[in-house]
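These notes are about the structure you will find just below.
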Amino acid sequence: MAAAGAHGVAHHSTTGIDNRKLLMWIFLASECLFFGSLISTYLIFKGKSLVGPYPDEILDIPVTSISTFVLLMSSLAMVLAVYGAEHGRPRMMKLWLLVTILLGLTFLGFQVYEFRTFGHEGLNLATNQFGASFFVLTGFHGTHVGVGVLILASLLLASFRRSGLGREAGFHVEIAGLYWHFVDIVWIVIFTLVYLIPQ
Amino acid sequence: MATTAGTLPAVGAHSGLWSWLTTVDHKRIGALYGVSAMAFFIMGGIEAILIRTQLAVPNGTVLEADRFNQLFTMHALTMIFLGVMPLGAAFFNWFVPLQIGARDVAFPRLNALSYWVFIGGGLLFVSSFIFGGAPNAGWFAYAPLTSERMSPGSGMDFYVVGLLMLGLSSLIAALNFAVTIINMRAPGMTMMRLPVFIWMTLVVAFLLILSLPVLTVALIQLLFDRSFTTHFFSPEEGGNPILWQHLFWVFGHPEVYILILPSFGIISEVLPVFSRKPLFGYAAVVFAGVSIAVLGFAVWSHHMFTTGLGTVPQIVFSASTMAIAVPTGVKIFNWLGTLYGGNIRFTTAMYFAVSVIVLFTIGGVTGVMHATVPVDTQQQDTYFIVAHLHYVLFGGSIMGIFSGVYYWFPKMTGRFLHEGLGKLHFWLFFIGMNLTFFPMHFLGVGGMPRRIYTYDADLGFDTWNMVATIGAYIIAVGMLAFLWNFVRTMRQAPSAPNDPWGGATLEWATSSPPPEHDFDVVPEVHDRDPLWYNRDHGVTTPAAPAHLHIHMPPPSYYPLVLGGALLLMGIGVLSHLAVTALGVVIAIYAVWAWTLEPTD
Ligand SMILES: [Cu+2]
């Protein structure tokens with residue numbers, strides 16, 4: 001029964017794409033506009049801060065390059081997890097899910113460290129326009145990474161049940177992967193626009 | 001009237017409060033949306049009546065300035081977000097599955113969730129009147145008026161949290177309908193055979209999906225400004241109040257089409273059926289609707305001509321705004337072409353539908369007038385704009401929605417609204433709205449500013465204000481006529497046949513009201529007007545098998561729990577963050593339980 005829309009691999013759908021995958025794709029389109037607005041705000045306020053600290057005094061490109069590398073590697077781990085799930089290799093899937101989660105948490109750790117350092121150096125939400133737009137932008141990105149970690153951890157936890165992730169294991173992990181890669185790509189854009197392009 | 005009563009296994013309880021709280025049936029959710037939105041619509045109407053009563057005579061003393069500010073703000077918010085949008089959602093819920101030949105939407109539980117989040121956001125909005133005053137900075141909430149310093153009360157916090165919730169609800173619904181329309185069509189229902197109402201629903205869904213995130217970001221920034229010490233919009237600290245206007249109107253102008261396109265879709269169904277001929281220029285109507293939506297994202301700054309954009313942006317946005325008149329004109333001529341030479345039946349639904357063409361055209365023409373920058377500079381913030389927007393939103397959206405109510409009432413309830421009372425309702429609305437809003441053109445050109453809570457006697461505003469107020473009361477009487485009609489009709493026994501109007505689309509192929517599974521046999525579609533094709537080509541629908549084994553998704557209370565959790569998160573932002581934390585915990589639990597809940 002297609003209307004139930006939640007179980008059974010061979011769903012009938014007009015386009016042949018599973019409803020849930022289509023939902024995720026369209027949702028990510030909406031997310032593009034969400035991050036687009038946050039990034040635009042950051043760019044509009046670039047150079048408009050009345051007092052310091054200014055971005056070039058405080059952004060630590062080497063450290064953030066490492067955390068960016070970590071997040072990129074998490075996407076690689078995610079691909080391997082999807083491969084394992086889709087090819088009936090649950091142990092491979094579990095291993096790489098775990099690696100993805102750990103890399104995601106590492107990225108979040110870097111972000112906490114960065115926020116704390118900035119705080120000590122006198123930059124917070126109220127300091128200037130850079131602080132406000134930077135923390136809100138990267139904070140919401142971090143929240144998305146956090147939600148992704150929760151989703152992946154839920155999948156990992158559920159995969160230890162006797163039935164594992166069921167017949168649709170590959171599908172579930174693939175959908176989670178779509179979200180994860182999207183969040184990763186958004187970070188590449190943020191890293192380029194906020195950190196790399198000279199102020 | 002379910003023709004197969006008794007042959008289907010009962011799916012949960014079929015009546016009682018609990019069955020409504022846990023329903024995932026698109027028709028029941030549509031009914032919930034419809035009734036709640038009507039209640040909010042009446043609330044917004046009462047706010048309007050209070051405003052008009054205050055303005056009936058010079059130096060009115062019915063309302064104080066601050067209460068007046070709250071009322072015009074809440075009137076707009078109520079009508080837009082709690083009235084017209086959910087009334088559209090009611091029809092989407094009812095007729096998207098029925099018109100595309102599906103048994104439900106793609107995600108029945110998400111559908112229920114969007115309703116419960118809507119109710120949460122609505123209650124939050126309304127409760128602001130009790131808890132320290134409603135939002136009072138206009139529905140557009142221009143910075144820096146909304147800053148902590150300028151608006152110290154909690155009104156604007158209610159605005160932020162309420163709108164975030166309502167936006168979430170609309171986003172969930174839009175995602176659901178987009179997937180449903182793209183992916184759940186009956187065999188043979190190609191995109192270019194979709195009823196125009198479905199096309200307009202799809203366009204509205206994508207408008208919401210792409211514009212709501214921008215509003216969300218603006219609201220988050222306002223929330224941070226008010227509660228977490230940022231200065232996005234306060235100029236003295238380097239903030240930029242114009243940024244708010246850009247973000248708000250990047251959402252706000254598409255929102256205008258979100259409000260009007262459902263109505264365009266409805267009358268594109270009603271006009272052909274009561275002219276007994278197919279819609280004239282189907283493809284043109286569809287492409288016009290899509291191009292209105294695309295252009296709608298490129299015109300937002302016409303709300304900001306007086307902010308000093310500079311000449312080039314002004315010309316660009318002026319031209320793109322005028323360009324929208326082209327596809328809109330295409331639609332209007334196609335509707336006229338549908339009427340032309342038709343064998344017309346003057347039902348109440350038809351009265352309302354034809355009035356949309358007339359009234360929307362008036363609103364459209366004034367819209368092109370202030371697409372011109374120098375004209376807009378004169379008309380900005382005057383009653384001329386109020387006249388324009390009400391011709392579009394009342395004359396266009398509301399009249400179209402009531403056309404749909406009269407047209408689909410037999411399908412939704414199995415009962416006919418009384419035609420005589422319906423026409424009384426129509427004439428009271430039609431005369432009332434013209435009396436209310438036409439004089440506002442004169443008031444605006446005469447220089448009466450919007451949002452003033454009173455005016456002096458010697459300014460030449462007296463007569464037309466009195467006329468407008470009389471008109472508003474006539475609209476209210478019209479609404480009473482409708483309510484009386486509704487109550488009276490609902491007390492009768494159902495008597496409607498499957499297809500009382502000789503309709504062309506699939507919803508008329510099933511019983512009135514439809515069974516829970518909508519169609520005994522999923523229909524096969526051969527033409528743009530499937531029922532007319534079947535009639536003319538002698539195609540009979542295959543008889544239903546003696547024993548139906550149709551599995552419908554079971555009821556679920558997790559949408560209600562998750563909706564409640566989101567409401568708690570909202571209340572927490574307004575009171576204590578511990579409540580938000582509690583909401584987050586319940587929400588995570590609800591999502592988990594939701595995912596693991598069996599749906600077979
Ligand atoms: Cu506009």
Side-chain angles (χ1 to χ4, degrees), chain A residues 1-8 11-41 44-45 47-51 124-133 135-137 139-140 147 150-151 154-155 157-158 161 172, chain B residues 97 100 102-110 171 174-176 178-180 182-187 189 205-206 208-214 216-218 220-221 224-225 228-232 237-240 243 246-247 250 517-518 550-554 588 591-592 595-600:
Chain A
M1 174 59 223
H7 282 272
H11 274 304
H12 164 76
S13 79
T14 316
T15 57
I17 306 168
D18 187 283
N19 285 343
R20 292 159 292 173
K21 191 187 263 184
L22 189 60
L23 180 86
M24 181 53 88
W25 276 111
I26 304 178
F27 170 68
L28 294 181
S30 188
E31 289 274 83
C32 285
L33 271 290
F34 179 80
F35 282 108
S37 305
L38 287 172
I39 292 171
S40 304
T41 302
I44 285 169
F45 283 128
K48 296 282 161 63
S49 292
L50 302 180
V51 294
N124 56 47
L125 281 169
T127 313
N128 55 21
Q129 294 317 98
F130 165 63
S133 54
F135 283 120
V136 172
L137 169 59
F140 270 96
V147 170
L150 268 182
I151 294 172
S154 308
L155 282 173
L157 220 63
R161 293 178 307 176
H172 289 306
Chain B
I100 64 173
R103 291 209 160 106
D104 207 318
V105 293
F107 303 96
R109 289 179 299 172
L110 274 188
L171 180 68
L175 290 168
N176 203 346
V179 173
T180 304
I182 294 171
N183 241 4
M184 306 274 292
R185 286 167 280 142
M189 180 63 89
F206 274 98
L208 284 165
I209 288 162
L210 299 177
S211 70
L212 281 171
V214 185
T216 304
V217 166
I220 287 170
Q221 291 171 346
F224 270 72
D225 268 12
F228 307 114
T229 69
T230 58
H231 307 290
F232 284 108
E237 263 104 2
N240 186 351
L243 173 66
H246 279 294
L247 292 174
V250 168
H517 54 281
D518 287 358
I550 299 168
H551 170 75
M552 295 305 291
I588 292 176
V591 170
W592 256 77
T595 321
L596 296 174
E597 185 180 42
T599 51
D600 284 326

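Side chains are part of it too, since the values below use all heavy atoms of this structure and drop only hydrogens, waters and symmetry mates. What you see is a predicted model, and the numbers here were worked out from it, not measured in a lab. We name chains A, B, ... by the order of the sequence lines, and we start the count at 1 in each one.
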How many angstroms lie between atom [atom1] of [X] and atom [atom2] of [Y], to the nearest 0.5 angstrom?
{"X": "B/Q221", "Y": "A/T41", "atom1": "CD", "atom2": "OG1", "answer": "4.0 Å"}
{"X": "A/R20", "Y": "A/S13", "atom1": "CZ", "atom2": "OG", "answer": "10.5 Å"}
{"X": "B/N240", "Y": "B/H246", "atom1": "CG", "atom2": "NE2", "answer": "7.5 Å"}

Measure [X] against the heavy atoms of chain B and call it side chain, backbone, both or neither at under 4.5 Å.
{"X": "A/I151", "answer": "neither"}
{"X": "A/I44", "answer": "side chain"}
{"X": "A/F27", "answer": "both"}
{"X": "A/F35", "answer": "neither"}
{"X": "A/S133", "answer": "both"}

Heavy-atom distance under 4.5 Å to chain A: side chain of [X], backbone, both or neither?
{"X": "B/L212", "answer": "neither"}
{"X": "B/L247", "answer": "side chain"}
{"X": "B/F224", "answer": "side chain"}
{"X": "B/L596", "answer": "side chain"}
{"X": "B/L243", "answer": "side chain"}

Spell out, as yes or no, whether a donor-acceptor pair under 3.5 Å connects the side chain of [X] to the backbone of [Y].
{"X": "A/S37", "Y": "B/V217", "value": "no"}
{"X": "B/R103", "Y": "B/H517", "value": "yes"}
{"X": "A/Q129", "Y": "A/L50", "value": "no"}

Of the listed A/L33, A/L150, A/T127, the one with the largest count of heavy-atom pairs under 4.5 Å with chain B is A/L33

Winner by heavy-atom pair count (cut-off under 4.5 Å) against chain A, out of B/T230, B/I588, B/V250: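 Among the listed options, the one with the most contacts to chain A is B/T230.
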
When every non-hydrogen atom of B/N183 is compared with those of A/D18, the smallest separation belongs to ND2-C, 3.9 Å

Practice item. Check the angle between the aromatic planes of A/F45 and B/F232 and answer parallel, tilted or perpendicular using the 30° and 60° thresholds. Key: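 Geometry flag for B/F232 against A/F45: tilted rings.
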
